[in-house]
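Hydrogens, waters and symmetry mates are skipped; everything else that's a heavy atom, side chains included, is used. In what follows, chains carry the letters A, B, and so on, assigned in the order in which the sequence lines appear, proteins first and then strands, with residues in each chain numbered from 1.
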Amino acid sequence: MDQRYHPKEIEEKWQNFWESQKLFKVTEDRNRKKYYLLEMFPYPSGKIHMGHVRNYSIGDVVARYKKMRGFNVLHPMGWDAFGMPAENAAIEHGVHPAKWTYENIANMKAQLKRMGFSYDWDREFATCDVSYYKWEQLFFLRMYEKGLAYKKRSFVNWCEICKTVLANEQVMSDGTCWRGHADDPGVTQKEFDQWFFKITDYAEELLEWCDKLPGWPERVLTMQRNWIGKSVGAEIHFPLENSEEVIKVFTTRQDTVFGATFMSLAPEHPLALSLSKGTSQEEAVRSFVEKMRRQDWRKRTAETTEKEGVFTGAYCLNPMTKARMPIFVANFVLMEYGTGAVMAVPTHDQRDFEFAKRYGLPLIVVVQPGDGKLSAETMTEAYEGEGVLVNSGQFNGMHSAQAREAIAEYLEKKGLGGKRVSYRLRDWGISRQRYWGAPIPIIYCDRCGTVPVPEKDLPVVLPANVEVTGMGESPLAKLKEFVETRCPKCGGPGRRETDTMDTFVESSWYFDRFACPDYDEGPLDKKRVDYWMPVDQYIGGIEHAILHLLYSRFFTRVLKEMGWVSVDEPFTNLLTQGMVCKEVYECPRDGYLFPEEVEGQGEGFRCRKCGGQISVGRLEKMSKSKKNVVDPEYLIEKYGADTARMFCLFASPPEKDLDWSDQGVEGSFRFLNRVWRLFSEQHGRLKDVKAVPFGTALEGDQKLLRQKTHKTIKKVTEDIERFHFNTAISAIMELVNEIYLSPVKDQADELSKRVMREAIETVALLLSPFVPHFAEELWEALGEKRSIIQREWPDYDREAVLEEEVLIVIQVNGKLRDRITIPASFGENEVKAWALKSERIRKLTEGKEIKRVILVPKKLVNIVC
RNA sequence: GCCGAAGUGGCGGAAUUGGUAGACGCGCUAGAUUCAGGGUCUAGUGGGAAAUUGCUCCCGUAGGGGUUCAAAUCCCCUCUUCGGCACCA
């Protein structure tokens, strides 16, 4: 063993060893308990970042620990390889997306290997592999058959300069395109034919199962429940005047229906134009609808935007009061929610109130709050609370809640509507007018319409010979040999769908595919998938709390119905790790600065470019644009992968944000060096020594050291189980500190050496999930032949951790007054007697009546007087 | 506005069930390592008062109130920060 710790050499050595021995390769072993540990796979951007290092270090601790505990651990890694950055690289540098992607993968894979993660690399795949996405096309076809994939015209974000659809995330908060054009006119809404997945069919189920995921963080479940947004209410039919037709509305406040004095339609509502047709309002409505359509969506839907609208010229009737209600088109009504039409009750809805005031529409109070009397003439805002119904016919006197039930029942009975549930969740639009994605397997034929590609013709391979410019339509649409095809039904000329699928589709089932990545008779080998699924522990960033995690839950349900998988939920336990943050320096003139561009210290930071004063950097998530990233490559180079892993795990608990600290990294490195020195001093004399066996009777320092050793095993085991890696590491540090101070370290007798051997061996074993290369090297230095990962996790000796003496805290009236050390075997009365005998306590209680003595076994005595 | 999470030394954080607040690390201080620097080892380190030395006391977990023998932990109110949703009918 070298005198000094050289991380680079040993890390390379053990990485090669693990790889050559295939130590992390797993197969289905029905005699062993499986454990599926998964971290969210990365997008191959080219380099790993600290977020990856943290995420995968956390996962690796659990994977290695579970393996040592005897589980058959599946710990795979792959690549979320379709997506826009590849196309941007093509636009900017003229590299083909495929080339760019696969080169990045090779680079990042090498980096991950240098981190020493315990992946079964034989299961690796990239989602842009035809052998992967062809099965996704099969899923699409099966979903199409069941009506779960459908095409619909809808409004989407449109950038006039790029001539392409943008995802919501690609629209900046000021309503412009993310590419940042000069004179950007702003993103508008454009009607488009788009493919959708019918996730709304599963809204209720997805919501219900939120209560059956005890292994998920509550805040993620809350966000999902929020996103699904269930509302219980009623549908009410408002007959149109002089017509058989009705306008259907959804409301959660059917108790206020007697107060509905007008009707509001979304500008996109089909009745908006048709009702006004031929009336004097036709032109006004048309121009209003046009204006709304052109308007920036964000601005239109902001709460602060003033309510405005236009009369359609038509009326409907309140089904309860038969009152004549003018029908308006209003900017604040959303076509996507409910029915796209809202019954307006200005007295009990603030939006309707504002609208009514602006256009002089009537107000009728129908709910009276408990205290004062509301009056339509004097009210200055809507009363949205509950109360007792008035002006509501046979429902007068009922309380709101009661009235909602009664009115819903009444509507049902009269065929005017009834109880309904509405969700905020919308269907998942998966069409992307992009090249670098999985083609949607559909052919359009003038004669047969929309025709799915027959399964035997799959895959629809993404053609390689395209030119990606970023302008105009999807590059696929310009590729004749791709677009032009034969109709599978009639054999006539057909055109291929040129949209590709949203990349979230790939990440919705990759975890299933990891169970059988080589299977080529179908998407999933059920036997293997059933063995491994569900994922026992999933680890990733909170930013996927809704999107990826909700889509995956939806996809799992679909795949279950199709018989591909057997589980209801894909992820039993979820850990959402915090972000990696570092301080940012921002100069008022030169923007964000790299730390090298800042001089001075403390309050006196100055910009090197302009000399301007810089406010002390606040902590923000590491990002290139904020110039506060730390490159893992640099860390590995300077300190080694083990130090990088150690720091990420020690600096804060996994679910909290991690504040970067160069000194903290130094500290972790220092600790490893300290352990190294201990081993290099001890390993020679302890090499052929066997650890003391369980149950050995010891005295004095030997006993104390052994006790600490076993207490540490217990603590570290419990801490890893509950993911408190920072405290697990601190417990190991304590053990190391104790070893340094223990006289046993320098004693030459056989028993001392055996106690020492056990202590030191334990340090290596407990460290192994955290700093695996380092631990392997220590292990080898102790003369062990097998890899440390093949050794079972240590168990603690129940007798060794037993305390013979315990420290009892003595309180008087709840205040700490004395401490005594007494034999642990003392009974309740003995402990109390000793506590009262204490000199200090006697002084304090002198002349007072002792009212009560409370005893907490092995902890404290509280004397009340 | 609604929902959720959090607030503990100079800093990151610990305290698993209400029972010694501040483990461990960083930083800082002192001593040792027969120069300095670095490294290492040892000790100290919440604030304040007291102190002819260790057997002293008070305050202290964002702030205020409460429950309890006992509160960082439970309850109520207020403040701050972060996150999600937000004209959703």
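Base engagement by L807(A) is indicated by at least one non-hydrogen atom pair under 4.0 Å involving a base atom. Among the heavy atoms of the strands, none lies under 4.0 Å from K851(A). Contact annotation for N737(A): backbone-only contact, meaning every heavy-atom pair under 4.0 Å involves sugar-phosphate atoms and none involves a base. Residue contacts shown for E218(A) are absent, as no nucleic acid heavy atom lies under 4.0 Å away. Within 4.0 Å of V853(A), counting heavy atoms only, lies no atom of the nucleic acid at all. Contact annotation for R4(A): no contact, since no heavy-atom pair falls under 4.0 Å across all strands. Using a 4.0 Å heavy-atom criterion, one finds that R225(A) contacts no nucleic acid atom at all. Within the 4.0 angstrom heavy-atom criterion, only backbone atoms of the sugar-phosphate kind lie near T252(A); the bases stay farther away.
The backbone N or O of G578(A) lies less than 3.5 Å from a partner atom in the side chain of R54(A), making a donor-acceptor pair. Q682(A) contributes a side-chain N or O that, together with a main-chain N or O of K745(A), makes up a donor-acceptor pair within less than 3.5 Å. Formation of a donor-acceptor pair under 3.5 Å by the N628(A) side chain with backbone atoms of K582(A) is found in this model. In this structure, S422(A) contributes its side chain and S231(A) its backbone to no donor-acceptor pair below 3.5 Å. Looking at W660(A), its side chain never comes within 3.5 Å of a backbone N or O of M50(A) through a donor-acceptor pair. In this structure a side-chain-to-backbone donor-acceptor pair under 3.5 Å is missing from E805(A) to P823(A). Judged by distance alone, with hydrogens and angles left aside, the side-chain atoms of D701(A) form no donor-acceptor pair with the main-chain N or O of P743(A) at under 3.5 Å.
Regarding contacts with the backbone of rC88(B), a side-chain N or O of R351(A) is found under 4.0 angstrom from either OP1 or OP2. R674(A) has a side-chain polar atom (N or O) that falls below the 4.0 Å cut-off from OP1 or OP2 of rU42(B). Distances shown here put a side-chain N or O of R424(A) below 4.0 Å from the OP1 or OP2 atom of rA86(B). Between rC88(B) and R426(A), no contact under 4.0 Å exists linking OP1 or OP2 to a side-chain N or O. At least one side-chain nitrogen or oxygen of Y740(A) sits closer than 4.0 Å to the OP1 or OP2 atom of rC41(B). Phosphate proximity of rC55(B) to R819(A): absent, as no side-chain N or O sits under 4.0 Å from OP1 or OP2.
The residues K419(A) and E235(A) are annotated as not salt-bridged, no charged nitrogen and carboxylate oxygen being separated by less than 4.0 angstrom. The pair R225(A)-E218(A) meets the salt-bridge criterion, since a charged nitrogen lies less than 4.0 angstrom from a carboxylate oxygen.
When the P atom of rG60(B) is taken as reference, atom NZ of K815(A) falls 8 Å away, rounded to whole Å. Rounded to whole Å, atom C1' of rA23(B) lies 9 Å from atom NZ of K708(A). Atom CD of E235(A) and atom C1' of rA89(B) are 13 Å apart (whole Å). Between the CE atom of M733(A) and the P atom of rA23(B) there is a distance of 14 Å, given to the nearest Å. As a whole-Å value, the separation of Y5(A) OH from rG39(B) C1' is 17 Å.
Closest non-hydrogen pair, V864(A) versus N813(A), comes out as CA-OD1, 3.4 Å. The two residues I407(A) and D255(A) come nearest to each other via the heavy atoms CD1-CA, 3.8 Å.
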Write out a two-atom table: protein N or O, nucleotide N or O from nucleotides 65-69 of chain B, distance below 3.5 Å.
from: rC69(B); atom 1: OP1; to: R852(A); atom 2: NH1; distance (Å): 3.2
from: rC69(B); atom 1: O2'; to: N862(A); atom 2: ND2; distance (Å): 3.2
from: rC69(B); atom 1: O2; to: N862(A); atom 2: ND2; distance (Å): 2.6

Look for any protein N or O under 3.5 Å of an N or O in nucleotides 11-14 of chain B and output each such pair with its distance, or none.
from: rG12(B); atom 1: O2'; to: A651(A); atom 2: O; distance (Å): 2.6
from: rG13(B); atom 1: O3'; to: N726(A); atom 2: ND2; distance (Å): 3.3
from: rA14(B); atom 1: OP1; to: N726(A); atom 2: ND2; distance (Å): 3.2

Practice problem: Determine, step by step, whether R253(A) and E386(A) satisfy the salt bridge (charged side-chain N to carboxylate O under 4.0 Å, His left out) criterion, reporting the C-alpha distance in whole Å, the side-chain angles of both residues, the deciding distance to 0.1 Å, and the verdict. | Solution: CA-CA 10 Å; R253(A) 292 302 302 272; E386(A) 312 233 313; 5.0 Å; no

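For the C1' atoms, the distance linking rA86(B) with rU45(B) amounts to 49 Å, nearest Å. For rC58(B) and rA5(B), the P atoms lie 37 Å apart once the distance is rounded to whole Å. Look at the C1' atom in both rG4(B) and rC11(B): the space between them is 28 Å, to the nearest Å. One P atom belongs to rU78(B), the other to rU29(B), and the distance between them is 45 Å to the nearest Å. As rounded to the nearest Å, rG63(B) and rA72(B) have C1' atoms that lie 14 Å from one another. Taking atom P in both rA49(B) and rU42(B), one finds a spacing of 32 Å when rounded to whole Å.
In rG9(B) the O4'-C1'-N dihedral to the base is within 90° of 0, which defines a syn nucleotide.
Just one residue in the list E738(A), E803(A), E734(A), E718(A) forms a salt bridge (charged side-chain N to carboxylate O under 4.0 Å, His left out) with K711(A), and that residue is E803(A).
Both tests pass for R798(A) against the ring of Y796(A): distance under 6.0 Å to the centre and angle within 45° of the axis.
Scanning RNA chain B for stems, defined as runs of 3 or more consecutive Watson-Crick or G-U wobble pairs whose donor-acceptor distances all fall under 3.5 Å, gives the following ranges: B:1-7 with B:79-85, B:10-12 with B:24-26, B:27-33 with B:39-45, B:46-49 with B:56-59, B:62-66 with B:74-78.
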